[in-house]
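Predicted, not measured: the structure shown is a model, and the values here were computed from it. For ligands, and for the atoms within them, numbers begin at 1 and follow the listed sequence.
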Amino acid sequence: MTYDYDLFVIGGGSGGIAAARRAAQYGTKVAVAEFSRLGGTCVNRGCIPKKLMVYASHFPGLFADAQGFGWSGVESTLDWKKMLAAVDNELTRLNGVYQNMIDNAKVELFRGYAKFLDPHTLEIEDRKVTADKILIAVGGQPVKPPEIPGIEHAITSDDMFLLPEQPKCMVILGGGYIGVEFACIMNGLGSEVTQIIRNDLILRGFDDDLRSGIQEGMQKHGIEVLTIAESPTIEKTPEGLKVTLAGKHQGTIMADVVLSATGRKPNLEKLGLENAGVEINKGAIAVDEYSHTSQEHIFAVGDCTDRINLTPVAINEGRAFADTQFGGMSRTMCYENVPSAVFSTPEAATVGLTEAEARERYGDAVKVYRAKFKPMYHTLSGRDERTMVKLVVEEDTQKVLGAHMVGDSAAEIIQGMAIAIKMGATKKDFDATVGIHPSTAEEFVTLR
Ligand code: NDP
């Protein structure tokens, strides 16, 4: 049987494009289908525009800090439309970079929504194509909890980059990455923010010191974080959105915008997976360690598989798939010690086991080294900011199991720590490393 393509990739996001380019390098005939802008969630509705807005949100703090260093005060206001237009320009540039990358790799691009007709045949708009192997890399989308009355009035993170005006007052539902990052961005940009979470602390699953460190920092910056187990209700009124709270914070909040940041789900509805016999498990495509689906020749990577939903993970999964299927290697993605950051203000980053996870695994043989201090910059800025650094160590082997940080440049610092931890560094290795002085990062090698 001959096919039109050796590999057809559904989805032109981080995972799909990485896999397509790598497969093409091995001489594979590859095509990609994408119905929207190239680059997927990360480039168009996620990491990139979010991080650009994080930068924008830091300027008022910097202007204020400067006075502690002898600068006169700065009067400046935000032009919301100008900020979003600048962000969008950069996204358009990146869309072009992606286009160039696939053109240079000689990967064919189909503009349209791909749907399975049978296990080897896809329909894209009115064209039918066949492929020997098919990779599903369709990503995910935000979900709103249907049980919340009036949730149809809430927007999702996708809409945040399209708001015609900056909300003066905003309510955010959810205490995950997206809720926390947008709470900090909008607070920094000058909106009044209330974040509603259903646990005592934001960011369930992260190290508790990191969770409390960020939350305390956010509250100091003026974000109201309300812990409410009961669902609120949302009502549209002529004055704006009325959010009614139950439980211990009973009352109402008037908001211009309510953001539902309550999780994401894979984009599987219209793919016709049933026509290809691809199995789904708990709403995500079921895959093995080589990203095989229930069909031997169909694979899936990235957020549609619900492993770890991070761009670099999708890219690694895509490349491991291409190396294995077309490069004569046997490569799988390793999910241990995957570092990640929360681009909140204060920023936080983490790699390896949390203290709770380490204690569950190693019991009493876990030693924790922690420091919380006022960083040098803030000795003159006058702001009451705290940085937290923490190492989780297994006492018997001295192996560093986890590193966690809250504070400026946490992502940049933890990225370096992640290499050491991935290589199996011990506390003695950290102790034997000379610090860079004066820096925050040196605290990691002087913890006693
Ligand atoms: P998360 O799953 O991380 O968080 C969802 C939040 O919403 C949780 O606090 C959850 O509470 C809460 N929640 C869920 N359902 C309800 C409900 N019915 N009522 C009230 N609260 C609810 O999802 P996000 O959307 O924040 O992020 C999705 C993924 O995107 C992340 O897991 C991450 O992988 C990725 N991402 C990564 C970023 C980064 O690396 N910096 C940035 C943004 C996203 P509970 O904890 O109790 O379940």
Side-chain angles (χ1 to χ4, degrees), residues 13-15 40-55 139-151 154-161 171-185 194-206 208 210-211 214-215 218 225-234 243 245-247 249 258-267 282-284 302-315 317 335 338-351 405-406 410-412 414-415 418:
S14 305
T41 301
C42 173
V43 169
N44 298 298
R45 297 171 297 282
C47 323
I48 304 295
K50 176 274 307 281
K51 184 85 187 271
L52 291 170
M53 283 173 73
V54 170
Y55 288 128
Q141 60 181 290
V143 282
K144 297 198 239 177
E147 69 274 14
I148 296 185
I151 195 68
I155 64 166
T156 68
S157 56
D158 289 357
D159 309 309
M160 281 303 299
F161 310 106
V171 169
I172 297 179
L173 309 178
Y177 280 86
I178 295 180
V180 167
E181 290 182 339
F182 273 114
C184 296
I185 290 170
T194 305
Q195 185 170 10
I196 299 174
I197 59 173
R198 60 183 182 183
N199 303 301
D200 285 342
L201 289 174
I202 53 170
L203 294 167
R204 183 166 58 87
F206 282 79
D208 282 348
L210 185 142
R211 299 170 73 191
I214 305 175
Q215 191 161 317
M218 289 169 66
V225 182
L226 302 180
T227 305
I228 305 174
E230 299 84 351
S231 291
T233 62
I234 306 164
V243 182
L245 310 175
H249 297 290
V258 176
L259 169 66
S260 177
T262 44
R264 296 176 62 85
K265 66 166 189 186
N267 280 328
K282 292 187 193 144
D303 291 5
C304 64
T305 63
D306 204 20
R307 288 178 278 193
I308 299 180
N309 291 357
L310 295 173
T311 295
V313 171
I315 291 172
E317 288 170 352
Y335 296 92
V338 171
S340 76
V342 186
F343 292 103
S344 44
T345 308
E347 187 172 298
T350 182
V351 59
M405 176 176 166
V406 180
E412 311 293 346
I414 290 291
Q415 181 68 83

*Identify the protein heavy atom lying closest to atom 42 (C) of ligand 1, giving its residue, its atom name and the separation to 0.1 Å.*
Glu181 OE1, 3.2 Å

*Which protein heavy atom lies closest to atom 41 (N) of ligand 1, and at what distance to 0.1 Å?*
Ala341 O, 2.8 Å

*For ligand 1, which part of Pro145 has a heavy atom less than 4.0 Å away: the side chain, the backbone, both, or neither?*
side chain

_For Lys50, the ligand 1 atoms whose distance to one of its heavy atoms is below 4.0 Å_ = 41 (N), 42 (C)

*atom 3 (O) of ligand 1: which protein heavy atom is closest, and how many Å away?*
Gly176 CA, 3.7 Å

*Among protein heavy atoms, which sits nearest to atom 17 (C) of ligand 1, and what does the distance come to when rounded to 0.1 Å?*
Arg198 NH1, 3.4 Å

*To the nearest 0.5 Å, how far apart are CD1 in Ile172 and OG1 in Thr262?*
12.0 Å

*Please confirm whether Ala261 comes under 4.0 Å of ligand 1, counting heavy atoms of the residue only.*
yes

*Among all protein heavy atoms, pick the one closest to atom 12 (C) of ligand 1 and tell me residue, atom and distance.*
Gly174 CA, 3.9 Å

*What is the closest protein heavy atom to atom 38 (C) of ligand 1, and at what distance does it sit?*
Tyr177 CD2, 3.1 Å

_Nitrogen or oxygen atoms of Ile178 and ligand 1 under 3.5 Å apart_ = yes

_Thr305 versus Arg307, closest heavy-atom pair with distance_ = OG1-NE, 3.1 Å

*What is the minimum heavy-atom distance between Gly175 and Val180, and which atoms define it?*
O-CG2, 3.8 Å

*How does Ser231 reach ligand 1, if at all, at less than 4.0 Å between non-hydrogen atoms: by side chain, backbone, both, or neither?*
neither

*Assess Leu310 for proximity to ligand 1: is some non-hydrogen atom of it under 4.0 Å away?*
yes

*Close approach, Leu173 and ligand 1, non-hydrogen under 4.0 angstrom*: no

*When only distance counts, is Ile148 in polar contact with ligand 1, meaning an N/O pair under 3.5 Å?*
no

*Between Gln215 and Ile197, what is the shortest heavy-atom contact and its length?*
OE1-CD1, 4.0 Å

*If you round to the nearest 0.5 Å, how far is CD1 of Ile196 from CD1 of Ile228?*
5.0 Å

*What pair of heavy atoms forms the shortest contact from Ala261 to Ile178, and how long is it?*
CB-CG2, 3.9 Å

*When rounded to the nearest 0.5 angstrom, what is the spacing between OG in Ser340 and CG in Leu310?*
6.0 Å

*Please write down residue, atom name and distance for the protein heavy atom closest to atom 18 (N) of ligand 1.*
Glu147 OE2, 2.9 Å

*Identify the two heavy atoms, one from Leu203 and one from Gly176, that lie closest to each other, and give their separation to 0.1 Å.*
CD2-C, 3.7 Å

*Proximal candidate to atom 48 (O) of ligand 1 [heavy atom criterion; set Arg264, Arg204, Glu230]*: Arg204

*Enclosure of Tyr335 OH (heavy-atom neighbours >12, cutoff 6.0 Å)*: yes

*Specify the protein heavy atom at minimum distance from atom 35 (C) of ligand 1: its residue, its atom name, and the distance to 0.1 Å.*
Asn309 O, 3.4 Å

*Taking C-beta and beyond as the side chain, do Arg45 and Met160 meet within less than 4.5 Å on heavy atoms?*
no

*Identify which of Gly140, Pro232, Gly263, Cys42 has a heavy atom lying nearest to atom 5 (C) of ligand 1.*
Gly263

*Count the heavy atoms of every other residue, nucleotide or ligand shown that sit under 6.0 Å from CD of Glu230, and state whether that count exceeds 12.*
yes

*asked:* Looking only at distances, can you tell me whether any N or O atom of Gly175, backbone or side chain, sits closer than 3.5 Å to an N or O atom of ligand 1?
replied: yes

*Search all heavy atoms of Gly179 against all heavy atoms of Gln195 and return the closest pair with its distance.*
C-NE2, 3.3 Å

*Part of Asn199 within contact of ligand 1 (heavy atoms, under 4.0 Å)*: side chain

